[in-house]
Amino acid sequence: ANEKEKVKEKDSIQLGPNPAGNTIRLYSGNLTARYSVGLFDNTGRLLHNWEQVSPGESLDLQWLKPGIYIARVTDRQKSMEPRNLRILKQ
């Protein structure tokens, strides 16, 4: 495995379930971290930003129309590169 493939467990970030219904949850290997989650549409427009999200916390998506979105997850302590995760809202 090269360096890029050696992802540190504590840096693992996921949003689920995906496809998402009315809520989506942030999962992280680093349980003490706090994250910002920005939700963007396919034109790159910021639709919503959540601050101080804890691992396991649920984010409300009831207001969101069905479609494909990008969630940009940023570690508030800046210990990892921001992640762009694709979300399908049903």
Side-chain angles (χ1 to χ4, degrees):
N2 65 28
E3 285 306 308
K4 272 194 161 62
E5 287 169 26
K6 290 181 191 161
V7 178
K8 286 181 289 196
E9 253 331 285
K10 74 175 189 60
D11 286 350
S12 68
I13 295 284
Q14 289 182 320
L15 289 168
N18 196 4
N22 286 333
T23 60
I24 200 164
R25 198 175 292 268
L26 180 101
Y27 298 100
S28 167
N30 184 349
L31 298 177
T32 60
R34 296 295 172 267
Y35 299 92
S36 296
V37 181
L39 191 66
F40 297 85
D41 67 14
N42 61 4
T43 68
R45 187 168 55 109
L46 178 64
L47 303 175
H48 193 81
N49 198 53
W50 290 272
E51 298 285 346
Q52 299 292 345
V53 178
S54 305
E57 190 171 330
S58 216
L59 307 177
D60 177 25
L61 298 180
Q62 289 185 59
W63 55 275
L64 194 62
K65 291 196 305 243
I68 295 173
Y69 299 91
I70 299 294
R72 185 172 177 81
V73 181
T74 308
D75 177 356
R76 307 276 301 170
Q77 286 81 40
K78 307 283 188 275
S79 70
M80 63 166 219
E81 291 294 308
R83 301 281 163 78
N84 290 328
L85 303 174
R86 192 169 158 267
I87 294 172
L88 175 61
K89 168 68 161 62
Q90 289 188 321

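- Two residues are said to be in side-chain contact when any heavy atoms from C-beta on lie closer than 4.5 Å; Arg34 and Pro55 meet this criterion.
- Separation of atoms OH (Tyr35) and CG (Asn30) is listed at 4.5 Å; rounding is to 0.5 Å.
- In this model, no donor atom of one side chain and acceptor atom of the other lie less than 3.5 Å apart for Asp60 and Ser58.
- In terms of hydrophobic clustering, with Ile, Leu, Val, Met, Phe, Trp and Tyr side chains grouped at heavy-atom distances under 4.5 Å, Trp63 and Leu59 are assigned to a common cluster.
- A donor-acceptor contact shorter than 3.5 Å is absent between the side chain of Arg86 and the backbone of Asn84.
- When the shell of 6.0 Å around CD of Gln14 is examined, it contains 12 or fewer heavy atoms from other residues, nucleotides or ligands.
- Inter-residue side-chain proximity for His48 and Leu64 is flagged as unmet; no heavy-atom pair is nearer than 4.5 Å.
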Step-by-step side chain to side chain contact (heavy atoms under 4.5 Å, CB included) determination, Val73 to Leu85: CA-CA 8 Å; Val73 181; Leu85 303 174; 4.1 Å; yes
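- Arg25 contributes no side-chain N or O that, together with a main-chain N or O of Gly16, makes up a donor-acceptor pair within less than 3.5 Å.
- Under the 3.5 Å distance criterion, with hydrogens and angles disregarded, a donor-acceptor pair is assigned to the side chains of Asp41 and Thr43.
- Open room surrounds CD on Glu81; 12 or fewer heavy atoms of other groups in view lie less than 6.0 Å from it.
- Looking at Ile87, Ile24, Ile70, Leu46 one by one, the single match for side-chain contact (heavy atoms from CB on, under 4.5 Å) with Leu39 turns out to be Ile87.
- If you chain together hydrophobic residues whose side chains sit under 4.5 Å apart, Tyr27 and Trp50 never meet in one group.
- You'll find the side chain of Asn22 reaches within 4.5 Å of the side chain of Lys89, heavy atoms only.
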